[in-house]
Amino acid sequence: VTTAAVVPAAGRGERLGPDGPPKALRPVGGVPLLLHTVAALTAAGSVGLVVVAAPGERLAEVRALLSGTGATVVAGGASRQASVGACLAALPDDVDVVLVHDAARPFAPPAFIDSVAAAVRAGADAVLPVLPIVDTVKEVHGDLVTGTVDRGALRAAQTPQGFRRAVLAAAHAAAGTVDATDDAGLVEALGRPVTVIEGHPEAFKVTRPVDLLLAEALLARREGADGQRG
Ligand code: C5P
């Protein structure tokens, strides 16, 4: 029995700004985002193998970047879902648990990644880490507020999301061209149960320029802590 982590990393990251390399290759602490992400996954004891979907035109570059990590690199697709699908097609037969983790979440702690895998091993078909919504949520049409949503039952979905492999494969096969923004959504569409666990603040997604500042600060704090230990 093996747990694999698949990493969609083929997005452009336009919300980070129109210029510059694809998001996964933007530097944090001088190191491409993707290398931090893969390092976190390989540091998680539960993860036996990592498969990354890279932008097609950057395949050789990403293979060189990850050559020391043991990760397998495949060409991604036009959507996040297609990129995850390309990774799933590259998994060996003995993989029975799959974690799907955004390249754009470089600092998910290894123990947190392991806790998602453990929840699948404990019997869940699909495991979704979630956090409460901190902001008040409004419904808006045009420039007018049409309602305030009760946020009590709302949660923000993170990755890694964990799946029994057969369930994730069935969900992707059934999805066709529906473009879901996460994999748990495809399992929900199948009518299969998705179990939540508590998310982790450090598993935040680097989306906007301010997130890069947060990422730099978190990395500096971790490196400072390492320096004090060493
Ligand atoms: O755009 P967003 O931040 O929601 O993307 C989530 C993840 O999906 C990112 O890690 C991104 O690289 C990946 N992605 C992909 N292929 C695409 C679009 C997004 O692998 N075509």
Side-chain angles (χ1 to χ4, degrees), residues 4-28 31-42 44 47 50-63 65-66 69 71-91 98-108 112-113 116 128-131 133 155-163 168 171-172 175-188 199-215 218:
V6 315
V7 182
R12 284 268 346 131
E14 310 235 313
R15 286 169 290 180
L16 268 184
D19 303 320
K23 177 155 73 177
L25 298 177
R26 305 232 182 179
V28 174
V31 174
L33 207 76
L34 180 60
L35 199 51
H36 292 292
T37 309
V38 171
L41 289 165
T42 55
V47 174
V50 178
V51 181
V52 173
E57 72 283 4
R58 301 275 188 152
L59 211 50
E61 185 184 340
V62 172
R63 284 198 174 125
L65 174 70
L66 299 180
T69 68
T72 301
V73 183
V74 301
S79 64
R80 181 187 183 283
Q81 193 173 317
S83 295
V84 172
C87 293
L88 295 181
L91 292 180
V98 179
L99 305 182
V100 183
H101 186 50
D102 292 329
R105 298 180 190 270
F107 299 124
F112 171 63
I113 296 167
V116 176
L128 174 69
V130 296
L131 287 177
I133 310 282
R155 301 288 184 274
Q158 295 188 315
T159 77
Q161 299 181 359
F163 305 91
L168 183 61
H172 270 259
T177 54
V178 179
D179 193 14
T181 52
D182 78 341
D183 297 88
L186 300 178
V187 173
E188 292 158 40
H200 197 291
E202 294 182 5
F204 69 96
K205 186 165 69 167
V206 174
T207 305
R208 296 151 304 176
V210 68
D211 299 320
L212 282 174
L213 294 177
L214 181 59
L218 181 57

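Read the numbers this way: they start at 1 and go in the same order the structure lists the ligands and their atoms.
For atom 8 (O) of ligand 1, the nearest non-hydrogen atom of the protein is Arg80 CG, 3.3 Å. For atom 4 (O) of ligand 1, the nearest non-hydrogen atom of the protein is Lys205 NZ, 2.8 Å. At the top of the distance list for atom 16 (N) of ligand 1, counting protein heavy atoms only, stands Ser83 OG, 2.8 Å. Nearest protein heavy-atom contact of atom 6 (C) of ligand 1 is Asp102 OD1, 3.8 Å. For atom 20 (O) of ligand 1, the nearest protein heavy atom (residue, atom name, distance) is Ala10 N, 2.8 Å.
Using modelled atom types, one side-chain atom of His36 and one backbone atom of Val28 make a donor-acceptor pair closer than 3.5 Å. Side chain of Ser83 to backbone of Gly76: no donor-acceptor contact under 3.5 angstrom is found.
Under a cut-off of 6.0 angstrom, the local environment of CZ in Arg208 is sparse, with at most 12 non-hydrogen atoms contributed by other residues, nucleotides or ligands.
If you take CG on Leu186 and CG on Leu168, they are separated by 7.5 Å, rounding to the nearest 0.5 Å. Remark: Thr72 OG1 to Arg63 CZ distance equals 9.0 Å, nearest 0.5 Å. For the atom pair NZ (Lys23) and CG (Asp102), the distance works out to 7.5 Å, reported to the nearest 0.5 Å.
Listed by number with element, the atoms of ligand 1 under 4.0 angstrom from any heavy atom of Lys23 are 3 (O). Atom numbering of ligand 1 starts at 1 in the shown order; those under 4.0 Å from a heavy atom of Ala104 are 10 (O). Short contacts between ligand 1 and Arg15, defined as distances under 4.0 Å to a heavy atom of the residue, involve ligand atoms 1 (O), 2 (P), 3 (O), 4 (O). Within ligand 1, the atoms closer than 4.0 Å to a non-hydrogen atom of Ala103 are 10 (O), numbered from 1 in the order shown. In summary, the atoms of ligand 1 found under 4.0 Å from a heavy atom of Ala78, numbered by their order in the structure, are 21 (N).
Residues Asp183 and Arg80 are paired through a salt bridge, judged by an N-O separation under 4.0 Å between the basic side chain and the carboxylate.
Residue contacts with ligand 1: Gly11 is placed with a nitrogen or oxygen under 3.5 Å of a nitrogen or oxygen of the ligand (distance criterion only). Not a single N or O atom of Thr207, backbone or side chain, sits closer than 3.5 Å to an N or O atom of ligand 1.
Closest heavy-atom approach to atom 21 (N) of ligand 1 within the set Gly76, Ala24, Gly77, Pro22: this belongs to Gly77.
Using a 4.0 Å heavy-atom cutoff, Ser79 is listed among the residues neighbouring ligand 1.
The nearest pair of heavy atoms linking Ala75 to Ala86 is O-CB, 3.4 Å. Looking at every heavy atom in both residues, Gln81 comes nearest to Ala180 through OE1-N, 2.8 Å. For the pair Phe112 and Gln158, the tightest heavy-atom approach, listed with the atom from each and the gap, is CZ-OE1, 3.9 Å.
At a heavy-atom distance under 4.0 Å, atoms from both the backbone and the side chain of Pro8 approach ligand 1.
For atom 1 (O) of ligand 1, the protein comes within 4.0 Å by at least one heavy atom.
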